[in-house]
Each structure stands twice: as C-alpha cells, then as structure tokens.
Amino acid sequence: MLHKVLIANRGEIALRVLRACREMGIQTVAVHSTADTQAMHVRLADESVCIGPPAVRDSYLNMPAILSAAHITGADAIHPGLGFLAENADFAQMVEEHGLTFIGPTPEHIRMMGDKVMAKRVAAELGLPTVPGSDGAITDVEAAIARAERIGFPVLLKAAGGGGGRGMKVAHDAAELRAQLPIARAEAKAFFGNDEVYFERYLDRPRHIEVQILGDGKGACIHLGERDCTVQRSHQKIIEEAPSPVLTAAQRAAIGTTATDAMKTLRYRGAGTLEFLYQDGHFAFIEMNTRIQVEHPVSEAISGIDLVREQIRIAAGEALGYDQGAIHLGGHAIECRINAENPVSFMPSPGTVTAYHAPGGYGIRVDSALYPGYTVPSQYDSLVAKLIAYGKTREECVMRLKRALEEYVIAGIETNIPLHRRLLDEPDFLSGNYDVHWLERLVGRVS
Ligand code: MV4
C-alpha cells in the first residue's frame with residue numbers, strides 16, 4: 001500500500017482525498033499557494049509545502065515545484081484531484097519518471113482521451129454509440145460540406161483539443177459551415193494550441209448523462225450507473241443526480257455494460273467517466289474524463305463504493321477484486337454545487353465567511369473546505385461546497401435536499417443557495433422535463 005500521498009490540489013477535493021488517505025492509514029502532504037496558507041486542506045494535512053504565488057500556473061500547475069515537494073517530503077504517490085493537472089498526460093508521465101505513483105490512469109489513456117477526435121474514433125471502434133459526423137478531423141472543406149449534406153444540417157464544429165464546450169460553432173447550412181470553419185480553427189488554435197476541428201450532427205435538446213466506471217488496469221472494470229448532469233449553465237454543472245430520472249433499468253444496464261466492455265478492452269486503470277448526450281431515447285458518446293469528478297459523491301451514495309479509496313487502492317497495484325454482480329445501486333442522490341457567486345448575475349463573490357453552519361442529519365453529506373472566518377480567495381474556482389442528499393426515492397431525496405438548503409448558513413459571501421431553492425421548486429425539474437438548455441432559458445443567458 002502507499003505510505004505517503006501528496007495531494008496536488010486545493011479546496012473541497014483536496015479534503016476529499018485527504019479524508020480517504022487518513023481512513024487508509026496513509027500520510028498526507030498538502031501543497032498550497034501563498035493565497036491558501038489558511039486553507040482547510042493545509043490545516044488538516046500531516047505536512048504542507050508552499051509551492052508558489054497565487055496564480056495557478058505558478059503554483060497548482062507548477063510541475064517542478066510539485067515534484068520537488070514530493071521529493072522533499074518523501075511522498076511515494078501524487079493524487080491530482082480534479083482540474084489543474086488531473087488530465088495532463090505529461091504530468092502523469094513525469095510523476096512516473098520520477099519513480100512516484102500517479103493516482104490515475106496511464107499517461108497513454110489520458111493523452112488518448114484528451115484528443116477528442118481520437119477519443120471518439122476509439123470509442124466507436126470499441127462499440128460505443130457516437131453522433132454521426134466528420135471522419136475524424138476536417139482536412140478538406142469541400143469534403144466536409146459534402147459529408148455534412150449527407151448527414152444533414154445543422155452540424156456542430158468542435159475542437160479536437162477542446163472539451164467542455166469552449167469554441168463550439170453551429171452551422172445550419174453549407175455557407176455557414178464554410179464561414180465558421182476558419183473561425184473555429186483560429187479559436188481552437190488560440191484556446192487549445194491545436195487547430196484541429198471536427199463536426200457532428202447538432203442535437204438540439206440533449207440531456208447530459210455520464211457513466212462512472214472503475215478499472216484496475218488488469219482487465220477488470222465495473223460501472224456505478226449513470227449521473228444526470230443536465231442542469232447546467234455556461235457549461236458549468238449546477239445540479240447532478242443519480243440515477244437519471246429519464247432512464248429505465250434496462251437502458252442503464254445496457255449503457256453500463258457497453259461502457260465497461262469498452263474499458264475492459266482498453267484495460268483502463270482508475271476512475272473514469274464516459275460522457276454521453278441523450279436525446280429521443282438514444283445515447284451518443286461525446287468525451288471521456290480520465291479523473292475523479294466533482295459530482296462523484298452521487299455515485300458513491302447510490303452504490304456504497306468509496307471512489308477515492310478505490311482510486312488509491314488501484315494505483316497501489318491492487319486488483320479491483322469484485323465484479324459487476326457485487327454492485328447494487330439503490331436509492332436516489334442529488335448534489336447541489338454551492339458556488340461563491342451572486343445568485344442572479346452569477347458574478348464571483350469572494351470574501352470572508354463571517355458565519356457558517358452546514359446542514360446535517362439523516363441522508364445529508366456536505367463536502368466543503370469552508371469554516372467561519374475563512375476568506376474565499378478570488379484567484380480560484382468559485383465552488384465552495386457540495387451538498388448531497390440521499391433518499392430511497394427521488395421525492396424523498398428532493399424533500400431532504402430542500403430541508404438541508406434551508407438549514408445552510410453561509411454569511412459574508414454571496415452564494416447560489418437561493419438559486420438551488422428555486423430550482424427544487426420548478427415543476428419541470430420535479431418532473432424531469434428538461435434538457436441542457438433548460439436552466440439558461442429559465443434564468444436568462446448572461447454571457
Ligand atoms: C453537442 C451538443 C449537441 N450536438 N454535440 C457541450 C460541451 C461538450 N462537452 C459537448 N457539448 C455539446 N455537444 C452535438 N453533436 C450540445 C452540447 C452542449 C452541451 C452538452 C452537455 C452539457 C451541456 C451542454 C450545453 C450546451 C451544448
């Protein structure tokens with residue numbers, strides 16, 4: 001087993017990893033920027049190392065500083081958390097070249113899935129359903145137009161180096177495709193350093209449904225069902241739940257089996273998420289995330305599996321040790337992402353937390369690094385807490401979540417708790433009648 005883990009992250013996810021390590025008897029090393037000296041993950045870790053100034057490229061993205069911190073403290077493994085370096089294949093490779101264990105997939109699998117054109121090709125070869133589109137990256141405009149005409153407009157231009165929605169362009173006809181292609185290429189080059197673009201038939205009202213998998217790199221792989229992350233705004237998820245209110249048990253088993261069969265063939269190692277668009281009863285693979293995700297607790301709640309513990313066990317070389325038959329999904333879980341932001345304008349609201357009282361009680365989990373007197377820095381993500389409710393049914397879960405949102409006190413900064421209270425009263429949310437554009441239609445698009 002691992003002896004000492006360096007956690008290359010901050011905030012609630014750093015705490016999440018730290019807690020798993022502590023339960024496993026593993027020593028922890030926190031790293032932090034000068035803006036995070038008072039952060040909870042630093043206070044709770046066995047050791048901490050300051051790795052640089054507030055700007056992320058000088059601290060949480062500073063690979064030499066993080067590797068040096070691992071050596072100084074004698075850590076034998078690095079957990080990247082999420083965001084920052086979690087899906088940086090070069091970092092994963094560097095960690096291994098320094099004789100340390102990277103708690104995550106192989107650099108090859110991170111690289112493969114980071115290239116969205118390659119990921120889609122591999123997914124299709126492995127038998128996953130995909131959206132019809134260009135044959136890989138677009139090389140010839142006229143050939144692309146001819147293919148789009150056969151598939152049918154509108155089509156969506158996407159960047160191979162992208163993901164998460166940045167730089168996408170809809171084209172409704174050949175003229176628009178011709179006009180948008182150079183713009184998409186230039187943006188892709190500027191955002192991601194890679195001008196490769198591809199297109200897909202545009203789905204106008206999809207849901208975002210993703211499958212959580214866990215592989216041991218030795219050919220074993222299981223899934224924990226799906227998460228429905230359809231409630232989002234500006235490509236930021238707001239509410240995630242498991243199971244999806246729109247899937248049948250048979251659909252769940254089918255997409256789960258398809259995903260795990262594919263990942264068994266790849267001999268995938270670690271936690272991973274296959275993202276799908278779901279519309280008119282059909283799934284289409286769009287991307288794979290090779291990290292633990294913010295919304296992982298909803299899968300933990302319905303499965304009883306500690307995903308971070310499993311990540312660490314697998315990284316230590318242990319076999320999964322159980323198969324799909326041992327996984328029993330039950331009940332319903334919903335997560336509200338609590339952001340430090342104005343609930344109407346969505347502008348970030350950093351500052352000092354003057355009063356703090358987290359909800360508790362039966363079926364409630366709060367993952368947060370907040371405490372009274374803590375100052376939320378302005379340099380980082382505005383996610384400050386995750387509130388997760390569990391219930392036997394979706395109705396019980398919603399009821400409990402509403403109760404917990406009423407209990408939650410966070411003073412001194414603005415949060416989106418009022419928005420969550422409102423969403424949980426929306427008839428369309430309660431009936432499951434929404435798509436990825438629903439929240440933006442409801443609150444108005446700001447950007
Ligand atoms: C799409 C799509 C419609 N058709 N692809 C946006 C983020 C990126 N991961 C994929 N995205 C989309 N891809 C096709 N062929 C619509 C979206 C999309 C979306 C997807 C998931 C969650 C939120 C979204 C919001 C707007 C657009």
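Start at 1 and go down the list; that is how both ligands and their atoms are numbered.
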Let me know which of Arg166, Lys158, Lys169 forms a salt bridge (Lys or Arg N to Asp or Glu O under 4.0 Å) with Glu187.
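Going through the options one by one, the only one that passes is Lys169.
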Select one of side chain, backbone, both or neither to describe which atoms of [X] lie under 4.0 Å from any atom of ligand 1, heavy atoms only.
X	value
Ile286	side chain
Asp204	neither
Leu203	both

In ligand 1, which numbered atoms sit nearer than 4.0 Å to a non-hydrogen atom of Leu156?
1 (C), 2 (C), 3 (C), 4 (N), 5 (N), 13 (N), 14 (C)
Taking only heavy atoms of Tyr202 into account, list the atoms of ligand 1 that are under 4.0 Å away from them.
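Atoms satisfying the 4.0 Å criterion: 3 (C), 4 (N).
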Do other residues, nucleotides or ligands put more than 12 heavy atoms under 6.0 Å from the CG atom of Asp135?
no
Shortest protein heavy-atom distance from [atom], along with the residue and atom involved:
atom	answer
atom 17 (C) of ligand 1	Met168 CE, 4.1 Å
atom 19 (C) of ligand 1	Val436 CG2, 4.0 Å
atom 21 (C) of ligand 1	His208 ND1, 3.5 Å
atom 25 (C) of ligand 1	Gln232 NE2, 3.4 Å
atom 13 (N) of ligand 1	Lys158 NZ, 3.1 Å

Determine whether the side chains of Asp204 and Gln279 contain a donor N or O and an acceptor N or O closer than 3.5 Å.
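Judged by distance alone, the side chains do pair up.
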Set of residues satisfying ring pair (Phe, Tyr, Trp, His ring centres under 6.0 Å) with respect to Tyr202, sequence neighbours excluded
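Partners of Tyr202 under the ring pair (Phe, Tyr, Trp, His ring centres under 6.0 Å) test: none.
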For [X] and [Y], take the angle between the two ring planes, folded into 0 to 90°, and tell me which bin it lands in: parallel under 30, tilted 30 to 60, perpendicular over 60.
X	Y	answer
Phe429	Tyr434	parallel
Phe276	Phe285	perpendicular
Phe91	Phe102	perpendicular

Consider every N or O of [X] and every N or O of ligand 1, then say whether any pair is closer than 3.5 Å.
X	answer
His235	no
Glu287	yes
Glu200	yes
Arg201	yes
Leu277	no

Is a salt bridge present between Lys116 and Glu200, judged by a nitrogen-to-oxygen distance below 4.0 Å?
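Looking at Lys116 and Glu200, the cut-off is not met.
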Quick test of your reading of the model: are Asp228 and Arg207 salt-bridged, counting only N-O distances below 4.0 Å?
yes
Verdict with supporting geometry, His332 and Tyr390, ring pair (Phe, Tyr, Trp, His ring centres under 6.0 Å)
CA-CA 6 Å; His332 202 98; Tyr390 175 81; 8.8 Å; no
